[in-house]
Amino acid sequence: FFLPSTRKQASPHQSHLRPSGPTASMLTPEFTITQSDALVHLVVRAPYVKASEVEMLILHDRFTFHCKPYFLRLTFSGLVVDDDRATAKYDIAKGEFSIVIPKQTAGEHFEDLNMLTQLLTRKSALSTPTRPLIEVIGSEPAAGVDSDDDGDDVEIDWEQPQTLPAAKETAAELLTGKPHYGFNQQYCDVLEKLAAEVPDAIMLTDLRGDAGDWRERRLQAEESQFSDEHYIADFMEDDGVRQLLRDFEPWWTKLEPVVVQSEQTDPTDWAHCYSPRCLGTATAAAALCFSPSCRRQGKRSASTGTSTGPRWQDKWAWTKEEQQQLRQLPRKEHLISTPRATLLGLVDLLFSYALDLRVTEGEHSSESANLIMSVSPSMSFLETFANAKEMMVACFRRGLCYPLHRHWDLVTTAMADAVHLLKLGRKAILRCLLDLRNVMVHDEVHYILEQLFVTDYCIWIQATTDASVASLAARLEATQVTKDDVGLYLESLELLAMEDDDDEEDGGDDTDSETETDSETETESDSETDSDDVPDSDDPDSDLKTR
C-alpha cells in the first residue's frame, strides 16, 4: 500500500515533477524489475531508511523514488499510471521496498526492462542524422515533441557504398586537425598523451597519418607477423585445437533466441512493407520481418495489446556484479554519425572476445587483454570498416597471425559465435561486453581501451534497436570469406604440407622395403658360408681335418 505521505500528486500540466531533496550526493540503490501483463514489479534495496520519509512519483513514463540518501528515476518504454493498484511495502529485515507500478495499457510489453543503464537514462527529445558538436548527456522532452522517436528506425544499408572521391579527413578531423578514433570516432589526443606511460597499449605506435595509412601499416604488420611454419604445424597437428572446440562450449551456445510471432493474419495489413523479405509475398504476415522500415516491426495489436516485434525472452538474470557494473556506467546518449561502422566494430569486439574465451576455455588469463587487443583490428590499429566482408577478413587475418593456436576452424568458430550472440539479442551482447570491460579495466597496459571502446559500447547497445542487430546478423550470415580472401596463401601452404607428409610416408615405405631386402641378402650369404664350412662325409680326410 502507498502511505498518503509518500505519494506525490502530479499536475497534468507538468512535464516532469521531481521529488524534493535529491542532490548530487544521492546514491543509486540496487534494484530488480520484472513485469506482468498489467503491472511492473520493482524491488528497491534501501536499508536503514525511514519509511515515513520515502517519496514516490508515477508520472507518464517515469517512476521516481527518493529517500535520503537514495534516489532512483526510471524511464519506461510505455506509459504507467498512478491508481488504486499501485502499492508499496517495506521489509525492515531485508531493507527492501516491494513496489507495484500499474501499466496504463494492460497487456502492453515494456521493452528493455533488463537494460538497467537505459532505464536510468533520460530520453533525448531531439535526434539528428549527422554528427553534432555537442553530445547529449541528459535532456528533457520539449513541449510538443514525441520523446519516443529516438531516430533508430532508419534502415541500415549494408551494400558497398559508392561515393565520389573526397578528402580523407573526417568532419571531426577537419574541425580539430587531429585524427579521431575509438567508439564512433569521438576521441582524440588520448593515446598520444599516454604514449610515454603505456607505449604498448595498441600496436599502432605512430598515430601520424590518416585511416588509410593506418590500414597499410596493419596489413604490413600482419604480413611480417604471419608464420608459415606455425600455421603448417597447427594445420598438421591440430589435436589440441580440435579438443578445444569439442570439449568447451560457451554459455551462449545453449541459448536460442525467442521470437514472438504476430497474431495478425490479414496479409493486407502489411501492404506498405517494402523490405525484401515481405515485398510481394502473399504470406507476409506469417513470418517475422526484421527490417526497421517494416510497419510490422514492433506493431501492437489493437485487440490484444500484444507486441508483435522480436523480443528476447529472459532465461537468466543479471548477477550482482553485472548489476553493479550497469549502475556504474555513465548515463548518457550517443549520437551515432556512422551506424554501419559502429555495428561492424561491435562484431570486431565480439569476435576477439569469443576467440579468447575459447582458447582459455572460459577462464580469462593474464594474457587475455593482450590477446583481445591483438586480434581486434579496431583496438590494435584503430580500424573502421565500411562493409562486413572487409571486417571479417581483417579479423580472420589477425586471428591467424597472433594467437597461440592459429587454425582456420578456430577463427571461423569465433566468428560464428559472434553471429550467434547477435541473434540472441542485446542482453546477451551486453553480458559479453560487461565481461570484456572487466578484463580490460584490470589490465595494467590495455586499460585505456576500456574507456575508448568497451564502456561506450555497453551504453550504446542498450539504446540501439533489435532490428539493427538482427540486420547485422543476417548480413554476416550472407557473407562468405574464403581462405583466398584472407590473402596469406593458406591453401598453398596446406597443399605443400600435405605433399611433404605424403613424401615422408612414401620414403618410410621405401626404407622399410630396402631393409627387408638387405636382411634377406645377408641371410642367404650367411647360409652359403655355413654350408662351405660343413665337412663332406664321403671324404676320408675330412674327418681328420675336422679333428
Side-chain angles (χ1 to χ4, degrees), residues 202-204 214-215 217-238 240-246 248 250 252-253 344-362 364-365 367-385 387-422 432 436 439-440 446 449 453 476-477 479-494 497:
I202 63 174
M203 291 187 172
L204 183 62
W214 296 351
R215 176 166 295 187
R217 297 177 202 171
R218 174 180 67 81
L219 295 175
Q220 293 175 4
E222 292 166 357
E223 293 287 347
S224 61
Q225 176 66 23
F226 181 73
S227 172
D228 298 351
E229 296 178 355
H230 195 149
Y231 179 79
I232 291 175
D234 285 352
F235 172 74
M236 298 300 296
E237 301 178 1
D238 58 353
V241 175
R242 299 292 181 188
Q243 185 175 2
L244 283 175
L245 298 178
R246 181 179 63 254
F248 175 71
W252 56 76
T253 59
L344 294 175
L346 172 64
V347 182
D348 178 338
L349 299 185
L350 293 177
F351 168 81
S352 56
Y353 170 80
L355 183 65
D356 173 73
L357 202 67
R358 283 193 174 272
V359 170
T360 59
E361 298 186 78
H364 296 294
S365 66
E367 295 296 325
S368 290
N370 183 69
L371 174 60
I372 293 172
M373 181 276 299
S374 302
V375 174
S376 168
S378 299
M379 288 185 174
S380 58
F381 277 85
L382 308 179
E383 271 277 17
T384 56
F385 302 100
N387 60 73
K389 186 166 186 176
E390 70 176 14
M391 180 274 300
M392 296 174 69
V393 168
C395 290
F396 283 12
R397 284 174 62 93
R398 302 197 68 80
L400 295 172
C401 291
Y402 292 95
L404 175 63
H405 301 286
R406 305 176 186 180
H407 198 277
W408 180 258
D409 290 347
L410 182 60
V411 295
T412 54
T413 302
M415 184 58 68
D417 289 334
V419 175
H420 186 69
L421 286 169
L422 294 174
C432 294
L436 175 58
V439 171
M440 304 303 293
H446 308 294
L449 298 177
F453 292 94
L476 293 176
E477 281 193 319
T479 303
Q480 299 294 330
V481 176
T482 64
K483 295 180 180 180
D484 287 338
D485 296 329
V486 175
L488 297 174
Y489 307 102
L490 301 182
E491 293 184 342
S492 300
L493 293 175
E494 294 174 3

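Any value given below was found using the heavy atoms of this structure, including those in side chains, with hydrogens, waters and symmetry copies removed.
In terms of modelled atom types and a separation under 3.5 Å, the side chain of His420 and the main chain of Thr253 share no donor-acceptor contact. Under the 3.5 Å distance criterion, the side-chain polar atoms of Asp417 are left unmatched by any main-chain donor or acceptor of Ala354. Using modelled atom types, one side-chain atom of Asn387 and one backbone atom of Glu390 make a donor-acceptor pair closer than 3.5 Å. At least one donor-acceptor pair closer than 3.5 Å links the side chain of Ser224 to the backbone N or O of Ala221. When atom types are taken as modelled, the side chain of Asp356 and the backbone of Tyr353 share no donor-acceptor pair closer than 3.5 angstrom.
In summary, the aromatic rings of His230 and Tyr402 are positioned with their centroids too far apart to meet the 6.0 Å limit. Under the 6.0 Å cut-off for aromatic ring centres, Phe396 and Trp408 qualify, their centroids lying closer than that.
At least one side-chain heavy atom of Met373 sits less than 4.5 Å from a side-chain heavy atom of Met203.
Enclosure of atom OH in Tyr489 is not indicated, since only 12 or fewer non-hydrogen atoms of other residues, nucleotides or ligands lie within 6.0 angstrom.
Shown here for Val439 and Ser368, the closest heavy-atom pair between the two residues is CG1-CB, 4.1 Å. Met415 and Cys395 get closest at one heavy-atom pair: CE-CB, 4.1 Å. Of all heavy-atom pairs between Ser374 and Arg398, the closest is O-NE, 2.6 Å. Taking each heavy atom of Ser376 and Asp348 in turn, the nearest pair found is OG-OD1, 2.6 Å.
Not a single ring-ring contact (aromatic ring centres under 6.0 Å, His included) links Phe453 to another residue, sequence neighbours left out.
Defined by atom type and a distance below 3.5 Å, a donor-acceptor pair is missing between the side-chain atoms of Arg358 and Thr413. No side-chain donor-acceptor contact under 3.5 Å links Asp234 and His405.
No option in Arg217, Arg397, Arg215, Arg406 other than Arg397 meets the salt bridge (Lys or Arg N to Asp or Glu O under 4.0 Å) test with Glu222.
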